Number of protein chains: 2
Amino acid sequence: MDKNTALQVFEALSSGLRLDVFRLLVQAGPAGRVAGEISTALDIPPTNLSFHLKGLTQAGLVTAEQEGRFQRYRANIPLMVDTIGFLTDNCCGEGVSCELTGIAQGVCKS
Amino acid sequence: MDKNTALQVFEALSSGLRLDVFRLLVQAGPAGRVAGEISTALDIPPTNLSFHLKGLTQAGLVTAEQEGRFQRYRANIPLMVDTIGFLTDNCCGEGVSCELTGIAQGVCKS
DNA sequence: ACAATACTTCAACTTTTGTTGAAGTATTGA
DNA sequence: TCAATACTTCAACAAAAGTTGAAGTATTGT
């Protein structure tokens, strides 16, 4: 993953509201959720939700599919996994840190 | 890791400038870098760098240590690893996505 | 002591982001 | 067809973030 893509993901996740939306969609699985459901579940006014869904979509973190008059949103898990890959590549610098923490074993290249 | 901490990390990494600084410090390893070195290496005016280093420090992503008249900064790798943990916990929802991509094997709980 | 160095804080400004209500588009059910 | 529903776009504003030059603080070398 290139730096710019990672940057867009971080930017998208840097709002509590957008993070909540993304987590809801991850939890929703392949079914996703239509905008109205998200709006109700998280108590966000439709106008504002639309604004943030646009941001998440532009970052690639969620996909949008029209379904009649509904708009169904789904989390883009592969992009999230790539982002995790980007972070491991940029935090396990000398192959030292992974052994130290023991959390990210198996992910880091060293 | 709680949501708020993760949020602060994402916010800190959502600027290309700060991401560059953090990556430089990761690469620098335990030695870290003093502010002037970062300023020169990345060609950022000291005033502006100071502003962004403050952001990174407040997010906990870097630590600052005074060293005579120098200020030495180091990357906080454990926090980054925790952040990766937060992401895996929030992207590998139903234990489905990990098998699918194969990248994050060994990290996800499922 | 004092000038130089290293860095930060401050003040002013520009830019970007976030929020809301009103209006717009598209689809659906009666 | 027409009103209701679902959602988005628009316009206006409020709030936050980013940038820069000038001034401030602290440490060092002479």
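Since the structure is predicted, the reported quantities are computational estimates derived from the model, not experimental observations. Just so it is clear: chains get the letters A, B, ... in the order the sequence lines come, proteins before strands, and each one is counted from 1.
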Distance check needed: [N] [atom2] versus [X] [atom1], whole Å only.
{"X": "A:Lys54", "N": "D:dA6", "atom1": "NZ", "atom2": "C1'", "result": "17 Å"}
{"X": "B:Glu37", "N": "C:dC7", "atom1": "CD", "atom2": "C1'", "result": "13 Å"}
{"X": "B:Glu65", "N": "C:dA6", "atom1": "CD", "atom2": "C1'", "result": "16 Å"}
{"X": "B:Gln66", "N": "D:dA26", "atom1": "CD", "atom2": "C1'", "result": "7 Å"}
{"X": "B:Phe70", "N": "D:dA26", "atom1": "CZ", "atom2": "C1'", "result": "13 Å"}
{"X": "A:Phe51", "N": "C:dT16", "atom1": "CZ", "atom2": "P", "result": "13 Å"}
{"X": "B:Asp20", "N": "D:dG18", "atom1": "CG", "atom2": "P", "result": "14 Å"}
{"X": "B:Gln8", "N": "D:dA17", "atom1": "CD", "atom2": "C1'", "result": "15 Å"}

Q | Exercise: identify the closest heavy-atom pair between A:Leu24 and A:Ala41 | A |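 Minimum heavy-atom contact is CD2-CB, 4.2 Å.
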
(Q) Judged by each residue's nearest nucleotide on DNA chain C, which is more toward the 5′ side, A:Ser14 or B:Arg69? (A)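 It is B:Arg69 whose nearest nucleotide is closer to the 5' end.
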
Q: Return the 5'-most residue of the pair A:Gly68, A:Glu11 with respect to DNA chain C, ranking by each residue's nearest nucleotide.
A: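 So the residue in question is A:Glu11.
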
Should [X] be listed as having a side-chain N or O under 4.0 Å from OP1 or OP2 of [N]?
{"X": "A:Tyr73", "N": "D:dA6", "value": "no"}
{"X": "A:His52", "N": "C:dT17", "value": "no"}
{"X": "B:Asn48", "N": "D:dT19", "value": "yes"}

Any side-chain heavy atom of [X] sitting closer than 4.5 Å to one from [Y]?
{"X": "A:Glu65", "Y": "A:Gln71", "result": "no"}
{"X": "B:Val21", "Y": "B:Ile38", "result": "yes"}
{"X": "B:His52", "Y": "B:Asn48", "result": "yes"}

Q) Checking all strands, does B:Arg72 fall into the base, sugar-phosphate, or nothing category for heavy-atom contacts under 4.0 angstrom? A)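 Answer is nothing: B:Arg72 stays at 4.0 Å or more from every strand.
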
Q. Hey, does B:Leu17 reach any base, or is it just sugar-phosphate, or nothing, if we go heavy atoms under 4.0 Å?
A.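 Sugar-phosphate only.
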
Q. Taking atom CG of A:Asp43 as the centre, does the number of heavy atoms from other residues, nucleotides or ligands within less than 6.0 Å exceed 12?
A.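 No, the 6.0 Å shell around CG holds no more than 12 heavy atoms from other groups.
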
